[in-house]
Protein chains: 2
Amino acid sequence: MRVPLINRSHTSPVPPTIYDVAERANVSTATVSRVFNNQTRVANATRERVLKVADALGYSPHISAQNLALQKTSLLAAVVPFETDFFYAQVMRGMQDALFDSDFDLTIYLAPEKRETKGQLERALQPGRADGVVLLSAELSDAQAEMVRASGQPLVLVDTHHSFFDSISVDNDEGAYDAVQRLLAHGYQRIAHITVAPEAPAPARNRRLGYEQALREAGQPVDPELVVYSTSYPFGFMEEAGYEAMQHLLALPELPDAVFACSDVQALGALQALRDHGLRAPDDVAIVGFDDIHTSRHVGLSTLRQPMREMGKLAVQKLLQRIAQPARTPSKTVFAPEYIARSTCGTAASSEATAAAIAL
Amino acid sequence: MRVPLINRSHTSPVPPTIYDVAERANVSTATVSRVFNNQTRVANATRERVLKVADALGYSPHISAQNLALQKTSLLAAVVPFETDFFYAQVMRGMQDALFDSDFDLTIYLAPEKRETKGQLERALQPGRADGVVLLSAELSDAQAEMVRASGQPLVLVDTHHSFFDSISVDNDEGAYDAVQRLLAHGYQRIAHITVAPEAPAPARNRRLGYEQALREAGQPVDPELVVYSTSYPFGFMEEAGYEAMQHLLALPELPDAVFACSDVQALGALQALRDHGLRAPDDVAIVGFDDIHTSRHVGLSTLRQPMREMGKLAVQKLLQRIAQPARTPSKTVFAPEYIARSTCGTAASSEATAAAIAL
DNA sequence: TTGAAAGCGCTAACAG
DNA sequence: CTGTTAGCGCTTTCAA
């Protein structure tokens, strides 16, 4: 039964310090410290006495003080763009997976505005804030990269690249190219693309490029009418954006027969627009997304799977490696997206896709 | 152009300290400190000189040192059970929403095992780790509650209650009761319940109690055969668990005509089992879930909506209030779950439900 | 095996 | 308006 040292009502108790323990145990703070860390070099009797006092007092080392003395934080920072995106949720789960094997915890630095990852990055880089940072979906200018390097903080990029740092991403061009090529091979003639803004971040941009390349290689010029950018939601992947874009396509004099959406989220919105017009996928218009979020499987959406969780896990593993060995040469990991043919693309005969098609 | 003070290759640069700045600017560290915080009481010329030097050096205050001196961390801790649950993802989004208006960042303490929130809670409570903690879905024993109180850390509970602390939850009994009552009113006779373990955490338990109460009030004894606990996945809400449970129900001599699942995730698994047996909802068996996760809307799953994001947001707001005023009397907020009738319950005629039913 | 003392980087009275 | 000084709580040489 421990008696709080101070407990005036409405005064939150003040935790005991190493001095309190040292005093009550008749030893110096150095000894207490040794007991709690440096397990060796303490007489058994002393150790037990210290431990007993510490327990009675409810002592626990003050982390900020430890951090300062040890020049570390045991914290990793994740700088995440502001978007209700399933991608980030999954990547973060993966990061947590990898964290289990370490003594680090994760602090989230969520960008306050659409694209303002920059401020949060600077914050995360401040000395004494974290021991390393994972930066998601943010392209680094050379100036920024130099700033990061100057800060001395280990950093890993997810979804983008820079020669200074470890990076982990998926081959967006290739995935998009693959999907469109399959649609072409299956005989679709007018394949539209739903994307975000032309100046969108790399992943979306590269998916568009993959789409364009597949068309060109098939001898089809890119029809600007069939590439619909989102004006209302220029950056994030939003269902509403997909919905609007699909409405736009449905208003065209000649309908597309297939749509490759930049993300599953947008594809879901497109699907909804289709339904609201009394149309269905793939019978009237085929639809393919990108990401393979949880919902996609349940609605039978064909898509390109991105190993989000693995990417997050690997990001943290790379970061931990770099903290341990700052001088390693940066690595670049690129995962290949996997085409998942379900019911909405009309090119599948897999049982999964059939089951989904029967769904409701 | 700043010249790194130290830059032996393979030695990460050491960030400059307040002493470096003070020295180069010919002032004391106190003045530098004033420039960076206490905006007032510094001559303009001095301020500018300091700022110039700081900029040239790339100085940024060391956060751990600040934390120690100021006795704060500007960090909030979220202690989260280990589960791939959409509930937590949404709640955390809400927490982030509220964080925007503050100077705090969020650190995640994810439990390493199924129910081992306890260790992470202790960790989060350590002095100097965070300025407050949000504890998700973990019931606090009186001993634990006392421990928390003794730590002096402000704490807010989400999904559970304790008289010592602010808490935020949803009325699980009431929601379940409501759903089952509606199913009964619509004429369903054999209503099954898919849940987790009998000794599961409060939310799942209370949903079962609500189910039982609705039946009893309708003069139906609870048929143990129709309440299926998950043995393989006793705690988390998993699709596999829902799948297994539904298979069990489908093997019964007499089928249930409706199923109330403990969570949407399990309901999705049940839906899948149904499909795999060539059956459909609601024609063969009606299904209602709980939570209203993102996927539910897209597959037309009827469910009880929990305002997850709002709950997270409120949790942080409450925590910030408590940090500011530790002596406030604890509040208890209980949201009412909202019944969302989509296609799988067979009781809806809303256009949303119809659209979803046509879906694929 | 233990203690004294310096230091981690910053802040905040208190003087001046 | 600015400098001196004493912490914040812990770790870690260096001696004893």
Side-chain angles (χ1 to χ4, degrees), chain A residues 5 13-51 53-54 57-74 125-131 151-152, chain B residues 5-6 13-51 53-54 57-75 103 126-131 151-152:
Chain A
L5 302 180
V14 174
T17 73
I18 200 172
Y19 292 103
D20 300 321
V21 177
E23 189 176 348
R24 298 265 281 247
N26 270 333
V27 294
S28 72
T29 60
T31 299
V32 178
S33 178
R34 283 189 199 100
V35 169
F36 275 82
N37 317 308
N38 219 29
Q39 293 297 12
T40 178
R41 293 180 170 282
V42 175
N44 247 310
T46 321
R47 174 195 313 288
E48 276 171 27
R49 187 154 34 95
V50 168
L51 251 18
V53 170
L57 252 37
Y59 169 76
S60 178
H62 191 284
I63 306 298
S64 286
Q66 264 184 341
N67 289 346
L68 182 57
L70 260 27
Q71 296 288 82
K72 55 140 192 157
T73 66
S74 298
L125 287 175
Q126 288 179 323
R129 184 86 73 181
D131 294 339
S151 80
Chain B
L5 303 180
I6 301 181
V14 174
T17 74
I18 200 172
Y19 292 103
D20 300 322
V21 177
E23 189 178 349
R24 298 264 281 247
N26 271 333
V27 294
S28 71
T29 60
T31 299
V32 179
S33 178
R34 282 191 199 100
V35 170
F36 275 82
N37 316 307
N38 218 29
Q39 294 297 14
T40 175
R41 296 181 167 281
V42 175
N44 249 310
T46 321
R47 173 193 314 286
E48 276 171 27
R49 187 153 34 92
V50 168
L51 251 19
V53 171
L57 253 36
Y59 168 77
S60 178
H62 190 283
I63 307 298
S64 286
Q66 261 184 342
N67 289 345
L68 182 58
L70 260 26
Q71 296 289 78
K72 56 141 193 160
T73 66
S74 297
L75 247 30
D103 292 326
Q126 289 179 320
R129 184 86 73 184
D131 295 339
S151 80

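Note on naming: letters A, B, ... go to the chains in the order of the sequence lines (proteins, then strands), and numbering restarts at 1 for each one. Note that these values count all heavy atoms, side chains included, but never hydrogens, waters or copies made by symmetry.
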Nearest whole Å is fine: how far is [N] [atom2] from [X] [atom1]?
X        : N      : atom1 : atom2 : answer
B:Phe36  : C:dA12 : CZ    : P     : 15 Å
A:Tyr59  : D:dG9  : OH    : C1'   : 7 Å
A:Asn26  : C:dT2  : CG    : P     : 12 Å
B:Arg34  : C:dA12 : CZ    : C1'   : 8 Å
A:Ile63  : D:dG9  : CD1   : C1'   : 11 Å
A:Arg41  : C:dT1  : CZ    : C1'   : 8 Å
A:Arg129 : C:dC8  : CZ    : P     : 21 Å
B:Ile18  : D:dT4  : CD1   : C1'   : 14 Å

query: Is any side-chain heavy atom of A:Arg34 closer than 4.5 Å to a side-chain heavy atom of A:Val50?
result: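 No - every pair of side-chain heavy atoms lies 4.5 Å or more apart.
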- prompt: Quick one: are B:Asn37 and B:Ser33 in side-chain contact, heavy atoms under 4.5 Å?
  reply: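 Yes; the side chains approach each other to less than 4.5 Å.
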Closest approach to the side chain of [X], judged atom by atom: which nucleotide of [options] is it?
X       : options               : value
A:Val42 : D:dC8, D:dC10, C:dT2  : C:dT2
A:Ala43 : D:dC1, C:dT2, D:dT5   : C:dT2
A:Asn37 : D:dG9, D:dT11, C:dC10 : D:dT11
A:Gln66 : D:dT11, C:dG9, D:dC1  : D:dT11
A:Thr31 : C:dT11, C:dG3, D:dT2  : C:dG3
A:Ser28 : C:dA4, D:dT11, D:dG9  : C:dA4

task: Check whether any side-chain N or O of A:Thr46 sits under 4.0 Å from OP1 or OP2 of C:dT2, and answer yes or no.
output: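 It does, given that an N or O in the side chain of A:Thr46 lies less than 4.0 Å from OP1 or OP2 of C:dT2.
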query: Does A:Gln71 place a side-chain N or O at less than 4.0 Å from the phosphate oxygens OP1/OP2 of C:dG9?
result: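 True: A:Gln71 side-chain N/O within range (under 4.0 Å) of C:dG9 OP1/OP2.
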message: Tell me the closest heavy-atom pair linking A:Ser60 and B:Pro127, and the distance in Å.
response: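 Minimum heavy-atom separation between A:Ser60 and B:Pro127: O-CG, 3.4 Å.
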- prompt: Quick check: does any side chain N or O of B:Thr73 sit under 3.5 Å from a backbone N or O of B:Asp131, one acting as donor and the other as acceptor?
  reply: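 At least one qualifying donor-acceptor pair exists.
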query: With distance as the sole test, does A:Ser64 use its side chain to make a donor-acceptor pair with the main-chain N or O of B:Gly128 at under 3.5 Å?
result: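 At least one qualifying donor-acceptor pair exists.
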Reckon [X] touches a base, only the sugar-phosphate, or nothing at all at heavy-atom distances under 4.0 Å?
X       : answer
B:Leu70 : sugar-phosphate
A:Ala30 : base
B:Ser64 : nothing

message: I need the single residue from B:Glu48, B:Arg47, B:Arg41, B:Arg49 that forms a side-chain contact (heavy atoms from CB on, under 4.5 Å) with B:Val35. Which is it?
response: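 Going through the options one by one, the only one that passes is B:Arg47.
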- request: Please tell me which of A:Thr17 and B:Val27 maps to the more 5' nucleotide of DNA chain D, matching each residue to the nucleotide holding its nearest heavy atom.
  value: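 In this pair, the answer is B:Val27.
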- prompt: What about B:Tyr19, does its side chain sit under 3.5 Å from the base of C:dC8 through a donor-acceptor pair?
  reply: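 Such a pair does not exist between side chain and base.
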